[in-house]
Structure formats: structure tokens, C-alpha cells
Protein chains: 2
Amino acid sequence: MANEIKKLDQNDRNILKALQQDASLSLENLAAQLSLSTNACWRRIKRMEADGIIARRVAIVEPEAVGLGMTAFVAVRTNDHSDQWLKKFAAAASGIDEVVEFYRMAGEVDYMLKLLVRDMADYDRVYKKLIKAVPLSDVSASFAMERIKYETAVPV
Amino acid sequence: MANEIKKLDQNDRNILKALQQDASLSLENLAAQLSLSTNACWRRIKRMEADGIIARRVAIVEPEAVGLGMTAFVAVRTNDHSDQWLKKFAAAASGIDEVVEFYRMAGEVDYMLKLLVRDMADYDRVYKKLIKAVPLSDVSASFAMERIKYETAVPV
DNA sequence: GCTGAAATTAATTGAGT
DNA sequence: ACTCAATTAATTTCAGC
């Protein structure tokens, strides 16, 4: 089964911890840290990649360094809970690069989006793009002034 | 200046787009895609690393694959807006692996945290850890049922 | 499933335009 | 700032335990 939870031993966890912080580490370096041979380490990584535990390796770009100073959380409430509406909304939002995260929520809010934009004018542009694609009645945005922590590493 | 916005040309942008999606691409491969020599490409990457545009390279772990099925957004309101309180709160939250994002907000909510946890019991454990470290009076959590989009790539 | 070494492939440096 | 070639370092495969 593809989406089963695989068992990880302490070496696997340590590999994940290290690579989630720095995937540019050489095998030799990483293996030495964990007192493994390079290719024992290599086989564990390949297994976790095959099992879908390690999804991919990416470069992290500093948003501030490229002028993306504003993070917006957009809470959406809807009356239309049809599958078709969600599909349309999901497709529209997923196609917008500034929408970096998108969740279906439990409780009051139906959907939560996280946007990364340059400034308020840029937010407005993305917002208009969004409501043009799908009619959204109840939308409320909150803006982040400061990013205190941002971590791609998940707790393992 | 370290936190100045550097100018990027189309080649730089294309490199960032590619490496934000897949940092395991070989230089040769990447350079060929963009019709550059490997070493022109390499120098651009090194420059963007030195400029702090590319902050790091990380492995992305699939949360579901390691049993982290629940994302919680925690909105915090406080009466204590002192620097000292924030420092204490920031230190406590930053030290908790399950707190993957943490923002100071404009508007009604003072702080917004994103937590990655196994289940409701795990959320409760992290919540207790948090309020033990700093007294929090007004906390409200929203839970994500489904992650529709999650992107580490920023729009460049 | 591991080690250690060999083979392959990729990253980095350097010379020259 | 680039290309092309040479060098160095990393990854991947293979033989044996």
C-alpha cells in the first residue's frame, strides 16, 4: 500500500532530521555523523524515497530577498459544498503561484489559503484573480508582519 | 547590504523555478534545459547562494507518510505586547518541532502558529507544552482536514 | 543488510575568448 | 560573463561477508 505508515528506526529518523535541515550534505559526511558506511546510508535514503517518505529535494528561496515581504492567510466560507465547486476552486487556487498553501478546514472556516505576495497591491491582484475564477462570498484575510519561524522539516 | 533585493534576470528566475521544484537536478541537466553551459549555471547558483536568495536545500518529508495527519492553525491574542513576552513566546514556540510556522500578525490576531501533529491527542500535548512555557489567555485553533496544496516554492 | 573498494557520474576549478 | 577542458569530489554499483 502506497499511503501506509512505514516503520522508521533511529538511523532513518536521524537521516530524515539531517536531510530536512540540509540536503546538500554529502553522503560521506552524513554517514560519518551517524556512524554508518556511506552506502548503508545511501540504501536507507533510497528506500525512504521509494516509500514516498522523502517526497523530494528542493531549494528554499528567502522570500524577503526576492521582494516577497507579505504573507496573507485567507479564510474562506462557502455555502456551496458541492464537489464540483471545490474542484473548480482547488484548480484555480492551485494554479496561482502566490497561493503557497491551501487546506480544507474543519469548523467555521471552510478553506484556508496562505499567500505569499510583494505588498498590499500584489495581494489585491491575486485576490481579484481568485474571485474571478470562482465566486467567493465570505472571504477574510489576515496579514503577517513578521515571520518568526518557518520550517519545512516535519517532526519525526 | 545583506537584506537588499537583488536583481534577477530571466536565467536566474528559471534556475530558481527549477531548483525550487527539484534540487536534485544535476547541473548538466539544468544547464541543458536553460541552454547554458554547466559552469555558467553553476556560477549563477553560487552567486544566488552567496546573496542569500537561495537559503538552503532541504529534503521534503511527506507528513502523511510518517503519521502526521493533522495540521492546526493556532491564533493567539495577548494583552502583553512587551518585547520580553514576545521573546519568551518566540523562544518557546521555536523550540517545539511541531510548531512549523510562527508569525506576528496585523489586526485582530496577534500571533499565528501552524502546527503539524499526529492527531488530536498529539495536538493537546503540544498545546499544553506551549501554555506551560508562556501564559496564553486567548487561543483559538482551527484544524485542517485535507491539504490541497503545499508549496515551498515562492513566486519569482 | 552491512562493509569496502571500484566504477561511474557530477561538481568545481582553471585556461582562454 | 561565457565556453570548453581538466580536475576533484560525490554517488552508485558490485563483490564478498
Reading nucleotides 12-17 of chain D from the 5' end, what letters show protein touch, with B for base, S for backbone sugar-phosphate only, - for no heavy atom under 4.0 Å?
-> BBB---
Are the side chain of Glu151(A) and the backbone of Val99(B) linked by a donor-acceptor contact shorter than 3.5 Å?
-> no
Between Arg77(B) and Ser137(B), is there a donor-acceptor pair closer than 3.5 Å when you use the side chain of the first and the backbone of the second?
-> no
Separation of atom CD1 in Ile15(B) from atom P in dC2(D), rounded to whole Å |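 For the pair Ile15(B) CD1 and dC2(D) P, the rounded distance is 9 Å.
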Of Val156(B), Leu16(B), Ile5(B), which meets side-chain contact (heavy atoms from CB on, under 4.5 Å) against Ile53(B)?
->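 Of the listed options, the one satisfying the test is Leu16(B).
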Watson-Crick and G-U pairing of DNA chain D, under 3.5 Å, as dot-bracket with | and [ ] = ||||||||||.||||||
Just call it for Ser26(B): base, sugar-phosphate, or nothing, with non-hydrogen atoms closer than 4.0 Å on any strand.
->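 If one applies the 4.0 Å heavy-atom cut-off, Ser26(B) turns out to touch the sugar-phosphate alone, with no base involved.
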What nucleic acid atoms does Arg44(B) come within less than 4.0 Å of, heavy atoms only: base, sugar-phosphate, or nothing?
-> sugar-phosphate
Contact boundaries of DNA chain C with chain B (under 4.0 Å, heavy atoms), 5' to 3'?
->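 Endpoints of the contacted stretch of DNA chain C: dA10(C) to dG14(C).
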So, Ser37(B) and Asn39(B): side-chain donor and acceptor under 3.5 Å apart, yes or no?
-> no
Go through the side-chain N and O atoms of Asp80(A) and Ser82(A) and say whether any donor and acceptor fall under 3.5 Å apart.
-> yes
At their closest point, which heavy atom of Lys7(B) faces which heavy atom of Asp12(B), and how far apart are they?
->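 Closest approach of Lys7(B) to Asp12(B), heavy atoms only: O-OD2, 4.4 Å.
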Between Met105(B) and Phe143(A), is there a shared hydrophobic cluster once you connect ILVMFWY residues whose side-chain heavy atoms come closer than 4.5 Å?
-> no
Can Leu68(B) be reached from Leu8(A) by stepping across I, L, V, M, F, W or Y side chains whose heavy atoms are under 4.5 Å apart?
->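 Yes, Leu8(A) and Leu68(B) fall within the same hydrophobic cluster.
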Let me see the working for Phe89(B) and Leu136(B) under side chain to side chain contact (heavy atoms under 4.5 Å, CB included), right down to the final yes or no.
-> CA-CA 9 Å; Phe89(B) 184 30; Leu136(B) 298 175; 4.2 Å; yes
Would you give the length of the straight line joining atom OG1 of Thr71(A) to atom CE of Met112(B), rounded to the nearest 0.5 angstrom?
-> 11.0 Å
If you find the nucleotide of DNA chain D closest to Asn11(B) and the one closest to Leu25(A), which residue's nucleotide is nearer the 5' end?
-> Asn11(B)
